[in-house]
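Right, one structure below, let's go through it.
Worth knowing before you read on, the calculation uses all heavy atoms, side chains too, and leaves out hydrogens, waters and symmetry mates. Remember, it's a predicted structure, so these values are computed and weren't measured experimentally. A, B, ... follow the sequence lines: proteins, then strands. Residue 1 opens every chain.
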There are 2 protein chains.
Amino acid sequence: MTKENTFFGVKEIARRANVSIATVDRVIHNRSGVSEKTKKKINDIIKELDYQPNILASRLASKKIISLAVLIPKVSAETDFWEAPLNGITRAEAEIKKYGVQIELFFFDLNDPNSFNEQAGLILEGHFQGVLLSPSFIEEARKFSEACHKLKIPFTFFDSDVPEQHNLCYIGPHLFQSGYVGAKLLTYRLKEKQQVAVVNISKETDNYNYIQIEEGFRSYFKDHSLPGEILRVNIKDTDSLSVTRQLTKILNDNENIKAMFVTNSRVSAVATFLEKSGRSDISLIGYDFLKENIKHLEKGFIDFLICHKPEEQGYRGVMSLYETLVLGARVEKVHFMPIDIITKENQAFYKN
Amino acid sequence: MTKENTFFGVKEIARRANVSIATVDRVIHNRSGVSEKTKKKINDIIKELDYQPNILASRLASKKIISLAVLIPKVSAETDFWEAPLNGITRAEAEIKKYGVQIELFFFDLNDPNSFNEQAGLILEGHFQGVLLSPSFIEEARKFSEACHKLKIPFTFFDSDVPEQHNLCYIGPHLFQSGYVGAKLLTYRLKEKQQVAVVNISKETDNYNYIQIEEGFRSYFKDHSLPGEILRVNIKDTDSLSVTRQLTKILNDNENIKAMFVTNSRVSAVATFLEKSGRSDISLIGYDFLKENIKHLEKGFIDFLICHKPEEQGYRGVMSLYETLVLGARVEKVHFMPIDIITKENQAFYKN
DNA sequence: AAAATTGTCGGGTACGTACCCGTAAAGATA
DNA sequence: TATCTTTACGGGTACGTACCCGACAATTTT
């Protein structure tokens, strides 16, 4: 059992073109030093044979390493969400290290746009061949990506998107539709005259992500002409006291609230409140497969969690750069993640 | 930017052991021709350096190919479920072809255990280094795996499991828990006194898979002490006339049935019936991300589909063999797939 | 004691690609 | 015409591993 020679290599191309391997190599990497005539001849043969370079041999022979930069929020005390993408990134790194790819991590503070700028500046000075970033701050991200574009450094957005043309690709959820799914689940068993509240627990209420999610959520109500006003609760202070106070007030003012939708991973704060105040009659839906959330899911105070595979986002984000830079493959410009539904019953088998 | 030499290769091992590269190579592949003393010395150095063979170079230098056999049901007129695993298998093949791995496909007829035996026989004669199979027929599969074990051919089960010790691994759903999830979803908005029916549409009602799913389903009712008897409907003839007749009868006899759980991918047959008889008041849940099912999901006659990522099962099944045979890595003996919940709203982003 | 066999090992080439270096011919400049 | 530069290409080695072949010594057989 020996490898069949179905694949042609540079050697065969060189033979057919009556040139040396080196000349073929020059054409493939379009380096200079080849006459237009021979170049065309070789390119024709390459097309004819549908030549696919042997990546094994290529990476083996190449002494170059490829350095990628990753720019993401640091894991904070407030939420350990960013652990998951980081795991995916690390997994990808381990997988492609042997192909000569290195990854350097840069972290910024989600409460401080300046830290984003600082780290972005370091990346621009660092001579990286590719960048993966979460554009949490839209304006800052836009400036940075403009700079990358000028330096011809490919970059991938993930977790959330920025309307932009120059990025290599976006990997993340379709946020509008995600909110839409949330509304479906929340209203699935809702009875008439029961009311619904959207809860946003965050210092930045006007974050682009939250807006998209809420639009999707409200659209579902419109599309299905569900009656009743959807209440909106903004909790800017994320400490448990503020949360308790605001939720208490809302529930007192609106006795018919029987379902709540939290637009981010802070849903566990609401669950804690519901548990303490003994309100097991309220359906609760929120985001992300975090330990704290799973705990409340198991206790029954969260009905569903929606999740967009953050670990896989990190993994695929790195891989999108690897595929373009090393394999020279084209990648899809937009790669939407599934909108996963997690319940107490299936959470044990969920892959983040 | 040059590759750092953080990795040690055979050359370094040879240097430290005062032997040639060839001798080190003999130890690594434990071929004969090395004295016990040198063998030990080399093995010690390998451990000390934590030597990781360079797979690129290894596969490049090796002229051997590895042949894998895949044994799965053929795509039938009754269901195109098996297209998905096949896609995953093909994707895996494309990915590892360059490492010298070939895959040969063997198909059997789900209605004919003998066809399984026939194809299994062909595989045993074919000198394959690994086998991936769906053990749809338990007894036949057990016999075949016994034979593989004797020939020291590693094999992986997927889609459904057979209690067994010798298989390399199992990749597929936790069927019991999957039924449990189905019950949760089906009862989530069920009101008092409304009744539930489990529908099995299959020639083999006593299939091990279905039994596990139903056990999980019923366990949920027990665990939550839900009242009311769960009806059971067995439809052995899968044509639409038989389905219509039996369902009509059941619904006439039991007017309170408001929810139905189909234990396999034939759920679209029930959906068609509900549509034709205008029964949009009945919740319906079933299995698998098939075109026909999605159609009914979108129309609203199926509430939820449960799915176990069949394509990924195929992909991972092949990869489990690749990882053991080529990379020499250990693989987890059991790899449970997530129990995915698909609705009209999130189906567009589902990855099968 | 000579010959044959066996056990141990090293030399060397190949896998397909990358890239350095060298060279011959053509063209430019004096 | 002599010298220099540029263009266009080939030779050859290296990457890390696999494995063939042959050398040499130790051991057994005749």
Side-chain angles (χ1 to χ4, degrees), chain A residues 1-43 46 49 51-66 97-101 325-328, chain B residues 1-43 46 49 51-66 97-101 325-328:
Chain A
M1 279 202 225
T2 8
K3 244 181 221 172
E4 346 103 271
N5 287 338
T6 72
F7 295 111
F8 297 111
V10 279
K11 204 189 284 178
E12 175 66 14
I13 297 172
R15 202 186 58 76
R16 296 202 186 195
N18 281 322
V19 295
S20 75
I21 292 175
T23 304
V24 175
D25 187 70
R26 275 184 279 261
V27 172
I28 288 171
H29 297 86
N30 50 328
R31 265 178 269 133
S32 61
V34 186
S35 68
E36 278 305 319
K37 215 180 68 184
T38 13
K39 196 181 209 170
K40 187 182 172 344
K41 185 162 54 166
I42 290 172
N43 272 325
I46 285 177
L49 295 185
Y51 167 72
Q52 305 282 92
N54 184 321
I55 303 149
L56 275 70
S58 169
R59 290 310 298 169
L60 183 61
S62 170
K63 282 181 183 114
K64 276 194 198 134
I65 60 159
I66 289 173
K97 197 165 60 179
K98 42 176 172 284
Y99 301 100
V101 182
L325 290 168
V326 178
L327 308 186
Chain B
M1 283 201 223
T2 10
K3 240 181 225 174
E4 348 104 90
N5 286 337
T6 73
F7 294 111
F8 296 111
V10 280
K11 205 189 281 178
E12 175 66 14
I13 297 171
R15 201 186 59 76
R16 297 201 186 197
N18 282 320
V19 295
S20 75
I21 292 175
T23 304
V24 175
D25 189 69
R26 274 185 279 260
V27 172
I28 288 171
H29 297 86
N30 51 333
R31 263 177 270 131
S32 61
V34 186
S35 67
E36 276 307 317
K37 214 179 68 185
T38 7
K39 196 181 209 169
K40 187 182 173 343
K41 182 162 58 169
I42 290 172
N43 272 324
I46 286 177
L49 295 185
Y51 166 72
Q52 304 280 94
N54 184 321
I55 303 149
L56 274 69
S58 169
R59 291 309 298 169
L60 183 61
S62 171
K63 284 183 183 111
K64 278 200 194 125
I65 60 158
I66 288 173
K97 198 164 61 180
K98 41 177 172 284
Y99 301 101
V101 182
L325 290 168
V326 178
L327 308 186

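- Straight-line distance from the CG atom of B:Asn30 to the P atom of C:dC9: 15 Å, rounded to whole Å.
- For the pair A:Arg15 CZ and D:dG10 P, the interatomic distance rounds to 15 Å; values are reported in whole Å.
- Remark: A:Thr38 engages A:Ser35 in a side-chain hydrogen bond (donor to acceptor under 3.5 Å, both in side chains) (not counting sequence neighbours).
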Yes or no on side-chain contact (heavy atoms from CB on, under 4.5 Å) for A:Arg59 and A:Ile66, after CA distance, side-chain angles and deciding distance?
CA-CA 11 Å; A:Arg59 290 310 298 169; A:Ile66 289 173; 4.2 Å; yes

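- Residue B:Tyr51 places at least one side-chain N or O closer than 4.0 Å to OP1 or OP2 of D:dT17.
- Looking at B:Arg26 and B:Val19, their side chains never come closer than 4.5 Å, going by heavy atoms from C-beta outward.
- For A:Glu12, the side-chain hydrogen bond (donor to acceptor under 3.5 Å, both in side chains) partners at least two apart in sequence or on another chain are A:Arg15, A:Arg16.
- Computed from coordinates, the A:Phe8 CZ to C:dT17 P distance equals 13 Å when rounded to whole Å.
- Nucleotide D:dA8 holds its C1' atom 14 Å from the CZ atom of A:Arg31, rounded to whole Å.
- Contacts with DNA chain C (heavy atom under 4.0 Å) in residues 34-42 of chain B: B:Val34, B:Ser35, B:Thr38, listed by number.
- By the 4.5 Å heavy-atom criterion applied to side chains, A:Val101 and A:Ile65 are not counted as neighbours.
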Polar atoms only, N or O, under 3.5 Å: list the protein pairs with nucleotides 10-13 of chain C and their distances.
residue : atom : partner : partner atom : Å
C:dG10  : OP1  : B:Ser20 : N            : 3.1
C:dG10  : OP2  : B:Ser20 : N            : 2.4
C:dG10  : OP2  : B:Ser20 : OG           : 2.7
C:dG10  : OP2  : B:Thr23 : OG1          : 2.6
C:dG10  : N7   : B:Arg26 : NH2          : 3.0
C:dG10  : O6   : B:Arg26 : NH1          : 3.2

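- Put simply, A:Ser58 has a side-chain N or O that comes within less than 4.0 Å of OP1 or OP2 on C:dA18.
- Note on residues 27-39 of chain A: pairs passing salt bridge (charged side-chain N to carboxylate O under 4.0 Å, His left out), not counting sequence neighbours, are A:Asp25-A:Arg31.
- With sequence neighbours excluded, no residue satisfies side-chain hydrogen bond (donor to acceptor under 3.5 Å, both in side chains) with A:Lys11.
- Between the CG atom of A:Asn54 and the P atom of C:dC15 there is a distance of 12 Å, given to the nearest Å.
- Regarding A:Ile65, its CD1 atom lies at a distance of 17 Å from the P atom of D:dC15, rounded to whole Å.
- B:Lys97 is linked by a salt bridge (Lys or Arg N to Asp or Glu O under 4.0 Å) to nothing, counting only residues two or more places apart in sequence or in another chain.
- For the pair A:Val24 and A:Ile21, the minimum side-chain heavy-atom distance is 4.5 Å or more.
- Contacts of A:Asp25 with the nucleic acid, taken as non-hydrogen atoms under 4.0 Å apart, include base atoms.
- At the heavy-atom level, B:Gly33 lies under 4.0 Å from base atoms of the strands shown.
- One can place NE2 of B:His29 at 12 Å from P of D:dC20, the figure rounded to the nearest angstrom.
- As a whole-Å value, the separation of A:Leu60 CG from D:dC15 P is 9 Å.
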Reading DNA chain C 5' to 3', what string of ( ), [ ], | and . shows its pairs, if Watson-Crick and G-U wobble pairs count only when both distances fall under 3.5 Å?
||||||||||||||||||||||||||||||

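- The minimum heavy-atom distance linking A:Ile42 with A:Ala17 is given by the pair CG1-CB, 4.0 Å.
- Between the OG1 atom of B:Thr23 and the NZ atom of B:Lys41 there is a distance of 10.0 Å, given to the nearest 0.5 Å.
- A:Ile13 is not listed as a side-chain neighbour of A:Phe8, based on a closest heavy-atom distance of 4.5 Å or more.
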